[in-house]
Amino acid sequence: MVALLLGLAISIPVTGRVVLPAGVVEVAEELQIPAGAHELTISGHPNGTTLRFTPSFHGRGAVVCERGVHITITGLAVDGARANFSTPVGLPPSDVRFADFYKRSGIWADRVQGLTISQVSFVNMPAFSVLVSRSQQVRIGNVLVKDSGGRDGRSRNNTSGGVLLEEGTSDFEVSDSVFEDVLGNGVWTHSNYGSPRNARGLIAGNRFHRIARDAIQVGHATSVRVSGNSGDRIGYPFDAVDVERSGIPVAIDTSGNVDRSIYTQNRFTEVNGKCIDLDGFHDGAVTFNTCVNKGVAADYPHGQAGIVVNNANPGMRSERITIADNTIDGVKFTGLFLIGSHHTVARNKLLNLNLAHCNENAAQYYGCIAIPGEPKLLESGIYIGAKGERDAPSTGNVIRGNIITGWKMEQRCIAVGAHVDMHANILEGNVCRNQ
């Protein structure tokens with residue numbers, strides 16, 4: 001296949017190796033890898049190659065690959081010239097793939113068996129840096145994503161900018177990469193309701209700095225390990241947070257139906273949102289993670305609880321989660337919101353909770369208002385509820401050996417919601433102190 005990059009013809013064979021020209025190459029159309037290509041490597045020139053979008057570029061990505069086998073893309077840069085594409089872009093309808101909706105990504109891949117992306121930098125991307133759909137054996141490592149992502153009609157983030165693996169992508173890895181000033185999610189998996197779940201993934205050793213949505217989101221997936229990642233200033237800048245669609249920033253987020261997964265040894269500081277959201281998470285473990293906020297409540301306008309368990313997806317039940325040995329230090333509201341059954345909550349340090357001094361300071365801090373029917377939810381250290389999005393009776397949970405400190409925590413340490421029987425759970429050895 002021959003691609004025309006602003007007057008420069010580049011031949012892309014079905015197999016073999018292609019070295020792109022040195023310097024800045026203006027990209028006027030997609031650089032398409034032939035369908036069915038195999039054992040193919042595309043690399044930048046030893047003196048450096050940058051693919052830069054022209055103002056007229058409207059393709060799916062700078063490099064596009066469909067139905068390839070063992071494709072490697074390495075050693076180059078992509079400049080999306082984001083300032084040239086200022087038209088707002090919202091989110092796709094719920095039954096439309098992101099791959100079919102967004103234009104102007106860096107690398108776009110669909111139905112690829114064996115895709116390796118390494119030593120590639122993405123800057124000023126209007127959409128995603130990497131968008132991979134319906135693929136297997138995906139390895140993304142040592143990439144840089146910077147100053148990327150688009151905004152919608154309200155000037156909020158539209159989830160784009162980072163790396164997205166969607167629609168049943170499996171056997172994947174995103175590792176040892178840097179994400180800086182991304183408007184949407186840094187690294188995430190996603191599948192539409194009814195689509196195959198993403199499976200057998202590793203998200204490890206990545207660094208995140210100033211991410212306006214989620215640093216990491218595991219969406220509709222099974223057997224994903226999130227480990228050794230770090231980041232700071234999640235939920236920044238404030239004006240890009242998608243408040244209208246409840247896109248509250250999270251250091252490690254969950255959505256859909258997620259099981260047999262592990263979030264461990266991740267560390268984040270200054271999170272303007274939640275530390276860990278477990279909406280749809282079950283039969284998995286959350287261990288040895290740390291989130292630290294050093295400011296006061298007013299410094300986190302979108303601040304929430306530390307760890308939240310929820311069950312929006314109708315295909316799952318909140319059961320058998322181990323939440324152990326985590327440190328949550330500095331939270332606007334409660335340390336842990338728990339629903340469901342047969343969870344183990346042990347040896348966590350939930351410190352400096354309720355920075356907003358709920359419910360006393362309702363007039364001062366937006367959101368610090370007792371919730372009808374659940375008046376103790378925001379002010380307690382651990383809150384055991386009877387439902388999230390759906391009913392989920394809290395029974396058979398073990399809450400043991402946790403240290404809980406903060407505003408009036410001696411009086412409000414562990415609370416239960418309406419219709420929750422405290423005696424249906426085991427609470428023992430927890431230490432509660434005012435701070």
Side-chain angles (χ1 to χ4, degrees), residues 1-53 57 59-80 97-100 102-122 125 127-145 163-177 198 200-202:
M1 176 176 288
V2 177
L4 185 66
L5 303 187
L6 207 64
L8 180 66
I10 297 178
S11 179
I12 306 297
V14 173
T15 190
R17 183 180 182 89
V18 176
V19 178
L20 298 174
V24 176
V25 180
E26 300 289 337
V27 179
E29 62 181 39
E30 299 174 355
L31 177 60
Q32 291 191 12
I33 295 172
H38 60 94
E39 322 303 327
L40 173 67
T41 296
I42 296 178
S43 64
H45 193 277
N47 293 330
T49 298
T50 298
L51 304 178
R52 184 170 66 194
F53 290 173
F57 183 83
R60 294 166 292 182
V63 181
V64 169
C65 181
E66 295 182 83
R67 298 181 183 277
V69 178
H70 296 158
I71 307 298
T72 297
I73 302 169
T74 186
L76 56 91
V78 181
D79 183 346
R97 291 191 306 157
F98 280 71
D100 293 329
Y102 286 95
K103 306 295 183 182
R104 307 187 184 98
S105 291
I107 295 174
W108 184 102
D110 186 25
R111 291 181 176 172
V112 178
Q113 290 273 356
L115 172 65
T116 299
I117 300 170
S118 67
Q119 303 290 338
V120 179
S121 66
F122 303 88
M125 299 307 305
F128 292 94
S129 294
V130 179
L131 199 168
V132 179
S133 187
R134 302 185 294 189
S135 297
Q136 292 77 44
Q137 300 170 23
V138 177
R139 299 290 180 267
I140 300 170
N142 293 290
V143 304
L144 169 67
V145 175
V163 171
L164 169 61
L165 309 168
E166 69 161 0
E167 295 298 294
T169 293
S170 64
D171 302 294
F172 61 86
E173 177 179 318
V174 183
S175 62
D176 302 319
S177 297
N198 306 282
R200 297 180 299 282
L202 174 67

Review point. CG/Asn142 to OG/Ser118 distance, rounded to the nearest 0.5 angstrom?
Key: 7.0 Å
Revision key, fill the gap. Heavy-atom nearest pair, Asp110 first then Arg134, reads OD2-NH2, 2.7 Å
Practice item. Can you measure from CG (Asp100) to CD (Glu167) and round to the nearest 0.5 angstrom? Key: 9.0 Å
Review point. Do Leu144 and Phe122 have side chains that get closer than 4.5 Å, going by heavy atoms?
Key: no
Exercise for review: Answer yes or no: is there a donor N or O on one side and an acceptor on the other, between the side chain of Ser135 and the main chain of Ser133, under 3.5 Å?
Suggested key: yes
Check your understanding: Going by heavy atoms in the side chains, are Trp108 and Val63 under 4.5 Å from each other?
Key -> no
Practice item. Dump the intermediate steps for side-chain contact (heavy atoms from CB on, under 4.5 Å) on Gln137 and Gln113, then the final yes or no. Key: CA-CA 6 Å; Gln137 300 170 23; Gln113 290 273 356; 4.2 Å; yes
Check your understanding: Is there side-chain contact between Thr50 and Leu76, with at least one heavy-atom pair below 4.5 Å?
Key -> no
Point to revise | Backbone N/O of Ser175 and side chain of Ser177: donor-acceptor pair under 3.5 Å | key: yes
Review point. Mind checking whether Ile117 and Ile107 have side chains closer than 4.5 Å, heavy atoms only?
Key: yes
Check your understanding: Between Ile140 and Leu115, is a side-chain contact (heavy atoms from CB on, under 4.5 Å) present by the stated rule, with each step listed?
Key -> CA-CA 8 Å; Ile140 300 170; Leu115 172 65; over 6 Å; no
Point to revise | Derivation of the side-chain contact (heavy atoms from CB on, under 4.5 Å) call for Leu31 and Val64 | key: CA-CA 6 Å; Leu31 177 60; Val64 169; over 6 Å; no
Point to revise | Side-chain heavy-atom pair Thr74, Gln119 within 4.5 angstrom cut-off | key: yes
Check your understanding: Counting N and O atoms only, with roles assigned by atom type, does the side chain of Thr49 sit under 3.5 Å from a partner on the main chain of His45, one being a donor and the other an acceptor?
Key -> yes
Study note, to complete from the structure: All heavy atoms of Ala127 vs all of Ser105, minimum pair found to be CB-OG, 3.7 Å
Check your understanding: Can any side-chain N or O of Thr15 pair as donor or acceptor with the backbone N or O of His38 at less than 3.5 Å?
Key -> yes
Exercise for review: Provide the closest heavy-atom pair for Gly168 versus Asn198 in the form atom of the first, atom of the second, distance.
Suggested key: N-OD1, 3.3 Å
Exercise for review: Would you check if Val138 and Thr169 make a side-chain contact, meaning some heavy-atom pair closer than 4.5 Å?
Suggested key: yes
Practice item. Starting at CD of Glu166, measure out to CZ of Arg97 and round the result to the nearest 0.5 Å. Key: 6.0 Å
Review point. Can you tell me how far the CZ atom of Arg104 sits from the CE atom of Met125, to the nearest 0.5 Å?
Key: 10.5 Å
Check your understanding: Out of curiosity, Arg60 CZ to Cys65 SG, how far, rounded to the nearest 0.5 Å?
Key -> 10.5 Å
Exercise for review: Test Asp79 against Leu51 for side-chain contact (heavy atoms from CB on, under 4.5 Å), laying out the working first.
Suggested key: CA-CA 6 Å; Asp79 183 346; Leu51 304 178; over 6 Å; no
Study note, to complete from the structure: Taking every heavy atom of Ile33 against every heavy atom of Ile12, the minimum-distance pair comes out as CA-CG2, 4.1 Å
Revision key, fill the gap. Correct closest heavy-atom pair for Gly44 and Val19 would be O-CG1, 3.9 Å
Practice item. Working to the nearest 0.5 Å, report the span between CZ of Phe128 and CG of Leu164. Key: 5.0 Å
Revision key, fill the gap. Scanning both residues in full, the closest heavy-atom pair of Gly106 with Val78 reads CA-CG1, 4.2 Å
Practice item. Verify the neighbour count for atom CZ of Arg52: are there more than 12 heavy atoms of other residues, nucleotides or ligands below 6.0 Å? Key: no
Practice item. Ignoring hydrogens and angles, state whether a donor on the side chain of Arg17 or Ser43 is under 3.5 Å from an acceptor on the partner side chain. Key: yes
**Study point:** Side-chain donor/acceptor of Asp171 to backbone N/O of Gln136, under 3.5 Å
**Key:** no
